[in-house]
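Here the structure comes first, spelled out in structure tokens, and everything after it is commentary.
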Amino acid sequence: MIYFPPPLPDELLYSVLARYHARSGNESTKKTMRDIFNKQTVCAVADLPSHLMQLYSLIPGKAISVDKLLDKLTLLPYFKPFIPIERYNWVYEEMLYGDGQSIYMKMGFPASGVCKPAYLRYCPACIGSDREKYGIAYWHRVHQLTGVSVCPLHNVTLSDSSILFSQRKNKHEFVMLESVLRDEQNLVSFRGVDKEFLIATRSAQILKMNSQPLIQEGLRNIYLRRLAQRGMLTAKGNIRFQELLPDFITFYGLAYLDKLGCSIDEDSQFTWLHKMLRKPRHVTHPLRHILLQIFLEIEMKDILEGGSTTIPSPFGDGPWPCLNKAATHFREKIIADVVVSRCSDTGKPVGTFSCSCGFVYSRRGPDSDKNDEFRIGRIKQFGSVWVNKLEELNNGTLGLCEKARRLGVDPGTIKNQNEILKLRSTVVYDELKILIKPVERKAKEHTKRRTDKKYIRVDWTLRDTEFVQEIDRVANKIRESSDRSLSRNEVGRLLHRSTMLRTKLEKLPCTSERLHSLRKKRNE
């Protein structure tokens with residue numbers, strides 16, 4: 001190689017090598033291939049070229065590093081954040097030492113439906129500015145990115161050249177943009193629409209950032225966090241695709257999505273959005289990440305600068321503040337956990353926050369503003385600190401409204417809580433009386449047993465006579481009732497003497513005889 005042309009800003013390696021061929025004086029492309037790769041069979045690839053270590057070894061004075069060849073002159077940085085690290089390492093090695101035959105297959109993009117541009121493209125507005133600044137028009141990297149239809153610098157619609165993106169004929173030839181423009185004199189500029197410009201600028205941003213491969217699960221969680229903020233996650237963290245898909249389609253339009261190779265069937269449960277937002281098992285094309293990020297208003301730079309990748313919560317990241325106005329730690333973020341449930345009326349998530357001071361409150365989510373974390377939907381439990389403060393204020397001379405203001409509730413709540421305090425005091429007093437009476441009674445009985453030294457003997461003759469009279473009275477009642485049986489058990493039950501009639505009947509002869517006669521009459 002005679003010399004290596006200094007790369008221009010955002011220039012493709014393909015373009016640099018095309019300039020080398022034009023200025024080298026080589027009459028054939030085969031001679032140029034031998035100069036730059038030391039072999040004739042290498043293909044002229046625009047996006048992800050291979051054999052780069054061989055090229056580097058032939059650059060005079062090693063005027064450019066291997067990393068710069070990859071990061072500044074190819075499209076690899078565009079794909080880098082969205083492929084797993086092990087796949088990126090394989091692609092990196094393949095571009096340096098391999099023949100590049102299966103790079104796209106290894107990255108997992110052929111089956112995605114997103115197609116590469118058909119032709120190399122250029123911006124009509126860039127032609128003039130490049131010629132003015134550098135004396136020549138050249139192929140820009142960003143203009144060759146999938147989904148980019150306008151120049152991110154001028155917002156001018158890109159023009160297709162006559163050079164196929166993937167050459168089948170003359171596949172060993174590097175073609176300069178200037179040589180194409182001589183045949184294409186009518187350069188027409190059109191302004192792009194807003195979303196086209198957003199996609200172009202975001203694509204250019206990713207290409208220039210050259211970030212490291214991202215952890216796919218962490219990237220997915222960032223998307224889920226924003227979906228939660230938009231109310232598109234259930235309380236259990238499931239995606240409301242029945243809301244997401246129509247909104248996404250409306251945002252871009254079916255025709256535009258189809259043009260990009262990112263069409264979505266609203267009635268399907270297996271779209272690329274489903275696969276992308278569920279557990280990541282497939283590599284997703286960068287263009288689709290860009291579409292989702294624009295829709296969710298997520299900046300790529302925020303992701304790369306340390307955006308949170310924790311499991312999303314509809315109530316943001318903890319800790320959360322205690323909103324007990326009676327506590328000394330009011331509004332301090334000391335609540336570590338939130339219990340998320342589903343509102344039965346709206347289906348929206350409801351967060352319940354419990355503080356160690358006993359104060360428990362809830363609110364309906366998802367949070368859409370930072371100030372939402374200081375909002376109470378409903379107080380579920382006031383706790384001892386709040387109640388003690390209420391009792392303290394009750395002992396003073398403050399009015400109802402002032403008490404309510406100091407405790408962070410409305411006057412009606414103060415009235416209700418005071419009623420509960422009164423009721424609770426009465427119940428506690430009654431419960432104490434109930435507990436004390438048996439103790440007092442047992443103490444008296446115990447004292448009586450200790451002081452009475454003589455025990456009264458039972459007069460069984462007198463008791464026998466009394467029982468006979470009571471039996472006759474009860475028997476008459478039983479006879480008057482048609483639904484009762486005249487039996488010893490029934491008589492004993494009505495006299496509340498069942499046990500005595502069963503165990504002491506031998507001491508009650510008159511009673512036994514009377515029961516026997518009643519049984520005999522019943523049988524007759």
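In this chain, numbering begins with 1 at the start of the sequence shown.
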Evaluate side-chain contact (heavy atoms from CB on, under 4.5 Å) for S24 paired with K31, printing each intermediate quantity in order.
CA-CA 10 Å; S24 65; K31 177 64 170 65; over 6 Å; no
Stepwise side-chain contact (heavy atoms from CB on, under 4.5 Å) test for L260 and I199:
CA-CA 11 Å; L260 295 176; I199 292 172; 4.2 Å; yes
Using the side-chain contact (heavy atoms from CB on, under 4.5 Å) rule, take D47 and Y104 through it: C-alpha gap first, then chi angles, then the decisive distance, then the call.
CA-CA 11 Å; D47 51 355; Y104 269 89; 2.6 Å; yes
For side-chain contact (heavy atoms from CB on, under 4.5 Å), just list the numbers for F295 and R230, CA-CA rounded to whole Å, side-chain angles, deciding distance to a tenth of an Å, and then say yes or no.
CA-CA 11 Å; F295 172 72; R230 292 195 174 189; 4.0 Å; yes
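R141 places no side-chain N or O within 3.5 Å of a backbone atom of K208 that could act as its donor or acceptor partner. Side chain of D10 to backbone of V142: a donor-acceptor contact under 3.5 angstrom is found. One N or O on the side chain of R121 and one on the backbone of L145 form a donor-acceptor pair closer than 3.5 Å. Listed for the K325 side chain is a donor-acceptor partner under 3.5 Å among the backbone atoms of R405. For the pair S15 (side chain) and Y138 (backbone), a donor-acceptor distance under 3.5 Å is absent. Side-chain atoms of Q216 come within 3.5 Å of backbone atoms of L214 as a donor-acceptor pair (strictly under, hydrogens ignored). No donor-acceptor distance shorter than 3.5 angstrom exists from the side chain of R363 to the backbone of F374, with no hydrogens or angles considered. No side-chain donor-acceptor contact under 3.5 Å links Q229 to the backbone of P366. The backbone N or O of E86 lies less than 3.5 Å from no partner atom in the side chain of N89, so there is not a single donor-acceptor pair. Here the side chain of H172 pairs a donor or acceptor atom with the backbone of V42 at under 3.5 angstrom.
Between Y223 and H289, the angle of the ring planes lies from 30° to 60°, which puts this pair in the tilted group. Ring geometry, F359 versus Y361: the interplanar angle falls from 30° to 60°, so the pair is classed tilted. Between F248 and W272, the ring planes are perpendicular. Angles over 60° get that label, and only those under 30° would be called parallel.
Using a cutoff of 4.0 Å between basic side-chain nitrogens and carboxylate oxygens, E299 and R202 are scored as salt-bridged. Taking a cutoff of 4.0 Å between a charged side-chain nitrogen and a carboxylate oxygen, D317 and K333 do not qualify as a salt bridge.
Side chains of Y92 and D67: a donor on one and an acceptor on the other come within 3.5 Å. In this structure, a donor-acceptor pair under 3.5 Å is present between the side chains of T413 and D410.
Side-chain contact between R19 and M176 is present, with heavy atoms from C-beta onward closer than 4.5 Å. Using a 4.5 Å heavy-atom threshold, the side chains of E94 and K106 count as separate. Side-chain atoms of R240 and T234, non-hydrogen and from C-beta on, do get closer than 4.5 Å to each other. Side-chain contact between L153 and H140: absent, with no pair of heavy atoms (C-beta onward) separated by less than 4.5 Å. Put simply, the side chain of D99 reaches to within 4.5 Å of the side chain of H51, judged on heavy atoms. Proximity of L69 to I64: side-chain heavy atoms (C-beta onward) are separated by under 4.5 Å at one or more points. Contact of the T146 side chain with the P117 side chain is registered, since non-hydrogen atoms from C-beta on lie closer than 4.5 Å. When side chains are defined from C-beta on, L13 counts as touching L55, because their heavy atoms get closer than 4.5 Å.
In this structure, S50 and F37 approach most closely via the heavy-atom pair O-CE2, 4.0 Å. The shortest heavy-atom contact between W320 and F315 is NE1-O, 2.8 Å. Contact record, S203 with I290: OG-CD1, 3.3 Å, taken as the closest heavy-atom pair. Nearest heavy-atom pair, R288 versus G261, reported as atom, atom and distance to 0.1 Å: NH2-O, 2.8 Å. Closest non-hydrogen pair, N210 versus K80, comes out as OD1-NZ, 3.5 Å. Closest of all the heavy-atom pairs between V180 and V175 is CG2-CG1, 3.9 Å.
Around CD1 of I85, the count of heavy atoms belonging to other residues, nucleotides or ligands within 6.0 Å exceeds 12. Applying the 6.0 Å contact sphere to NZ of K348 captures no more than 12 heavy atoms from other residues, nucleotides or ligands. The number of heavy atoms from other shown groups lying within 6.0 Å of CD (Q269) does not exceed 12. In K62, the NZ atom is crowded: over 12 heavy atoms of neighbouring residues, nucleotides or ligands sit closer than 6.0 Å.
Taking NE2 of H21 as the reference point, atom OG1 of T32 lies at 4.5 Å (rounded to 0.5 Å). From H329, atom NE2 reaches atom CG of L323 across 9.5 Å, with rounding to the nearest 0.5 Å. Taking CG of L277 as the reference point, atom CG of L224 lies at 6.5 Å (rounded to 0.5 Å). Here the CZ atom belonging to R378 is positioned 11.0 Å from the CZ atom belonging to R364, to the nearest 0.5 angstrom. In this structure, CD1 on I2 lies 12.5 Å from CG on L58, to the nearest 0.5 angstrom. Distance check, rounded to the nearest 0.5 Å: CG of N324 to NZ of K389 gives 10.5 Å.
Stacking of K259 on the aromatic ring of Y252 is not recorded, the 6.0 Å distance cut-off and the 45° axial limit not both being met. For the pair K275 and F270, the cation-pi test (distance below 6.0 Å, angle within 45°) is failed.
In this view, S65 satisfies the side chain to side chain donor-acceptor pair (under 3.5 Å) rule with no residue, not counting sequence neighbours.
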